[in-house]
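Shown next, in structure tokens, is the structure this report addresses.
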There are 2 protein chains.
Amino acid sequence: MVSIREVAELAGVSVGTVSKYLNTPHRVAPATSDRVRRAIKDLGYVRNEAARQMRTGRSNTLAFVALELRNPFFGEVAHAVERRAAENGLFLVLASSDGDPVRESQYIDMFVQQRVHGLILASGTTRPEDFELLAARGIPTVLVDAYAPSDRFSSVAVDDALGTRRAVIHLIEQGCRSIAFVGGPESVRQIGERLDGARKAVREHPGVTLEVIATEERIVTAGLHVGEVIAARRPAERPDGIVAANDSVALGLMQSLGNRAGLRVPADIALVGFDDMEFAATTTVPLTTVRRPRDIFGRTAVDLVRDQAEAGVPLPVRTIVIQPELIVRESSLRRGRPGA
Amino acid sequence: MVSIREVAELAGVSVGTVSKYLNTPHRVAPATSDRVRRAIKDLGYVRNEAARQMRTGRSNTLAFVALELRNPFFGEVAHAVERRAAENGLFLVLASSDGDPVRESQYIDMFVQQRVHGLILASGTTRPEDFELLAARGIPTVLVDAYAPSDRFSSVAVDDALGTRRAVIHLIEQGCRSIAFVGGPESVRQIGERLDGARKAVREHPGVTLEVIATEERIVTAGLHVGEVIAARRPAERPDGIVAANDSVALGLMQSLGNRAGLRVPADIALVGFDDMEFAATTTVPLTTVRRPRDIFGRTAVDLVRDQAEAGVPLPVRTIVIQPELIVRESSLRRGRPGA
DNA sequence: AGTGATCGATGAAACGTATCATTGACCCTG
DNA sequence: CAGGGTCAATGATACGTTTCATCGATCACT
């Protein structure tokens with residue numbers, strides 16, 4: 001394997017000069033430059049990043065740990081992270097924990113061993129000892145869509161409670177009086193907060209009731225199942241507005257309610273999702289939903305890491321909470337809507 | 001930053017011993033082991049992977065370049081790759097080219113500089129000079145869902161033509177006589193082959209016709225649009241069976257045909273997709289589709305890379321073609337089906 | 001008791017690069 | 001023409017590991 005030394009030899013210059021050519025090309029004379037360039041090409045030399053990194057102690061890679069990359073949500077966040085990282089001259093490496101804290105630990109260990117420039121955690125399953133490790137080594141770390149434990153790390157997340165609050169208020173404005181929240185479990189922080197937001201909003205409106213229909217998972221089939229249960233009820237006992245824990249559940253609900261049971265969305269039941277996934281705009285009845293801005297998540301996370309890395313010294317922790325936007329589409333716009 | 005030397009000092013042993021403890025723990029005496037372990041813990045020592053890699057020349061990371069990670073298809077392939085890599089003691093780093101060959105080039109350069117253990121390319125947009133570079137440096141490289149240029153790299157792909165062939169024959173068995181292929185452009189290899197497979201299958205069945213309805217992209221909205229066009233035709237001029245270029249297009253078709261235009265799927269028009277994406281089983285009418293096995297893609301790719309890396313010397317190129325499976329669901333099962 | 005053999009530990013060398021103080025060549029100015 | 005200044009190039013050093021030849025000590029066996 002050809003090293004910088006052989007390049008220097010062939011070009012008839014010193015090793016230091018080749019290094020200078022590689023790192024600060026403008027400070028090497030044009031004629032020398034040509035000879036070095038030529039030698040590099042002839043020998044097929046490729047810089048050894050490991051040696052470089054060992055010498056400098058720095059790395060130009062940013063690591064991103066997602067909960068599950070199969071989920072397009074993380075794919076989109078990763079995409080935004082990658083773009084912003086590139087703007088900052090950083091490369092991105094991705095890993096997926098798939099909900100396994102042990103796997104995540106292994107990855108974090110690996111990244112620490114690699115001396116990565118910074119770390120973005122979007123898994124929500126990180127172990128306390130890993131946080132400990134990262135804090136102890138001073139590796140710039142930012143949490144995405146998760147709050148920082150003991151306020152030691154900066155984070156960027158959406159205000160989940162505000163999202164469902166806006167959804168509920170919107171449903172009430174559409175004339176709904178009997179609202180259901182479909183999703184669970186409450187123990188997942190994001191879901192718990194969404195439910196809280198819905199509860200509080202309903203409490204502020206006398207005459208409106210909230211029913212919680214719990215599910216174990218937040219996937220399409222869970223929504224399908226709940227939809228069938230609701231459809232089997234007597235009409236008077238059905239909710240007239242539903243807030244789903246996320247878009248997948250909403251999709252399942254829409255399919256079982258609207259297409260299979262013959263109920264009309266939104267006329268009989270108005271429906272709001274959460275996330276604004278790509279398919280939300282293209283469902284049978286376009287889905288009203290609470291948007292979680294993946295691009296902002298990604299950009300902000302990179303910026304936080306970069307600021308921390310540039311500062312060198314510990315910066316005050318920043319907890320950035322993004323206000324989610326309600327994207328109103330047909331699934332929640334009812335006939336008989338006041339003012340329509 | 002604490003190094004192996006300081007660990008050795010604190011433990012009262014030599015640097016070599018600490019290294020031995022880290023790499024071949026069974027050849028170090030228990031008492032010494034304890035002292036070293038203790039020192040490592042007290043100092044919070046973490047191995048420097050860059051130095052290790054520089055010394056050994058080896059790296060234990062496998063790189064995967066996807067076309068677009070936002071697309072769940074790649075997420076699932078990446079997931080399978082990651083699992084298999086872990087079984088082989090390898091870590092995975094991911095990158096996404098987003099269709100930009102320049103970006104992809106940058107990533108490949110980076111991976112070559114990192115001296116990765118192997119490379120899996122699933123982008124389909126790799127530049128010839130990058131292939132040149134990888135071949136010249138002898139980096140184990142495998143293509144996924146793309147054929148190898150000039151037979152220099154092993155690859156794993158699905159037999160696209162066979163997939164659509166099976167879809168068409170299935171539709172004919174269901175009584176369809178006027179079949180349409182929706183998708184494009186033909187210049188994308190996979191799409192071109194799918195179209196070819198459909199053409200050949202139709203040609204073998206006298207009395208059956210094939211119409212090609214071209215689209216620029218293969219996304220939901222393309223299917224929505226084509227569906228509207230078809231619905232606007234006089235009934236006699238509509239196809240009675242459709243093969244979509246992928247599931248996204250099929251989804252769009254199903255929505256605009258079935259739900260908006262009032263046509264019935266499969267009674268009026270039978271529909272088959274391609275890919276078997278996660279949502280295919282949960283659409284309004286569950287979608288019949290040609291399955292591309294992501295898990296097999298991922299596993300096979302890793303195995304090919306591993307074999308190549310272990311061999312050291314160039315191995316004969318292996319081109320693995322996987323026969324796609326037709327997953328029959330409701331969207332293609334017509335009333336009046338022969339034998340039903 | 002002497003001879004190998006085995007085991008554990010040592011210490012120096014090497015990996016490929018960046019860095020930096022030093023040197024040499026050259027030009028400009030007074 | 002002397003002297004200061006700039007620009008290029010040099011070459012030694014250090015980064016944190018792994019590796020390997022070497023050495024001492026312990027043990028089993030004749």
Side-chain angles (χ1 to χ4, degrees), chain A residues 1-40 43-61 89 109-117 137 139, chain B residues 1-40 43-61 109-117 137:
Chain A
M1 201 92 303
V2 34
S3 83
I4 209 178
R5 196 180 340 265
E6 303 165 57
V7 172
E9 209 164 311
L10 179 60
V13 299
S14 76
V15 169
T17 302
V18 178
S19 178
K20 203 154 54 167
Y21 166 83
L22 291 169
N23 297 299
T24 50
H26 56 281
R27 347 198 96 186
V28 53
T32 318
S33 244
D34 285 345
R35 295 224 307 285
V36 174
R37 179 174 16 256
R38 172 96 210 186
I40 286 178
L43 292 169
Y45 166 79
V46 175
R47 191 193 237 157
N48 185 327
E49 180 61 29
R52 170 194 175 79
Q53 181 178 324
M54 186 187 109
R55 176 60 229 230
T56 61
R58 275 185 290 278
S59 148
N60 58 347
T61 46
D109 279 350
M110 168 185 158
F111 292 140
V112 174
Q113 288 183 20
Q114 311 248 36
R115 308 288 194 265
V116 291
H117 189 261
R137 298 198 65 91
I139 294 180
Chain B
M1 203 90 304
V2 34
S3 83
I4 209 178
R5 194 177 344 258
E6 303 165 56
V7 173
E9 209 164 310
L10 179 60
V13 299
S14 76
V15 167
T17 302
V18 178
S19 178
K20 203 156 52 167
Y21 166 84
L22 291 170
N23 297 298
T24 50
H26 56 280
R27 343 199 99 185
V28 52
T32 318
S33 245
D34 285 345
R35 296 223 309 285
V36 174
R37 182 176 11 257
R38 171 96 211 183
I40 286 179
L43 292 169
Y45 166 78
V46 176
R47 192 192 238 159
N48 184 327
E49 179 62 28
R52 172 192 173 80
Q53 182 179 326
M54 185 186 111
R55 176 61 229 230
T56 61
R58 275 185 290 277
S59 150
N60 57 349
T61 47
D109 278 350
M110 167 185 159
F111 292 141
V112 173
Q113 289 183 19
Q114 311 247 34
R115 308 291 194 261
V116 291
H117 189 259
R137 298 198 66 91

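All of these numbers come straight from a predicted model, not from anything done at the bench. Proteins come first, then strands; the chains are lettered A, B, ... in the order of their sequence lines, and each starts at number 1.
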Whole Å only: how far is the CG atom of Asn60(A) from the C1' atom of dA18(C)? 15 Å
Nearest to the Val13(B) side chain among dT10(C), dG8(C), dT17(D), which nucleotide is it? dT10(C)
Leu22(B) has an atom CG; how far is it from atom P of dT18(D), in whole Å? 6 Å
Between the base of dT17(C) and the side chain of Arg52(A), is there any donor-acceptor pair under 3.5 Å? no
Inspect the surroundings of CZ in Arg37(B) and state if more than 12 heavy atoms from other residues, nucleotides or ligands are less than 6.0 Å away. yes
With a 4.0 Å limit, can you tell me whether Arg47(A) has a side-chain N or O closer than that to the phosphate oxygens OP1/OP2 of dA18(C)? yes
I'd like to know if Arg27(A) reaches the base of dA8(D) with its side chain such that a donor and an acceptor end up less than 3.5 angstrom apart. no
Atom-to-atom span, CD of Gln114(B) to P of dG16(C) - whole angstrom: 17 Å
Asn23(A) CG to dG16(C) P, straight-line distance once rounded to whole Å: 17 Å
It should be established whether Asn48(A) places a side-chain nitrogen or oxygen under 4.0 Å from OP1 or OP2 of nucleotide dT17(C). no
Ignoring backbone atoms, test whether Tyr21(B) places a side-chain nitrogen or oxygen under 4.0 Å from the OP1 or OP2 oxygen of dT17(D). no
Measure the spacing between CZ of Arg47(B) and CZ of Arg52(B) and express it to the nearest 0.5 Å. 3.5 Å
Using the closest heavy atom to pick a nucleotide of DNA chain C for each, name whichever of Pro30(B) or Arg115(B) lands nearer the 5' end. Pro30(B)
What is the distance, rounded to the nearest whole Å, between atom NZ of Lys20(B) and atom P of dT10(C)? 8 Å
To the nearest 0.5 Å, what is the distance between OG on Ser59(A) and CD on Glu49(B)? 11.5 Å
Classify the nucleic acid contact of Thr17(A) as base, sugar-phosphate or nothing, counting any heavy atom under 4.0 Å across all strands shown. base
Taking the side chain as every heavy atom from C-beta outward, state whether Glu6(A) and Met1(A) have any atom pair closer than 4.5 Å. no
Rounded distance in Å - CZ (Arg58(B)) to C1' (dG16(C)): 16 Å
Within this structure, what is the CE-to-P distance between Met54(A) and dT18(D), rounded to whole angstrom? 12 Å
Quick check: are there more than 12 heavy atoms from other residues, nucleotides or ligands sitting under 6.0 Å from CZ of Arg38(B)? no
dT18(D) P sits how many Å from Arg55(B) CZ, rounded? 9 Å
From C-beta outward on Ser14(B), which listed nucleotide comes closest to its side chain: dT10(C), dG11(D), dT17(C)? dT10(C)
By nearest-heavy-atom nucleotide on DNA chain C, the more 5' of Ser33(B) and Arg5(A) is Ser33(B)
So Ser19(A), base contact, sugar-phosphate only, or nothing? Heavy-atom distance under 4.0 Å. base
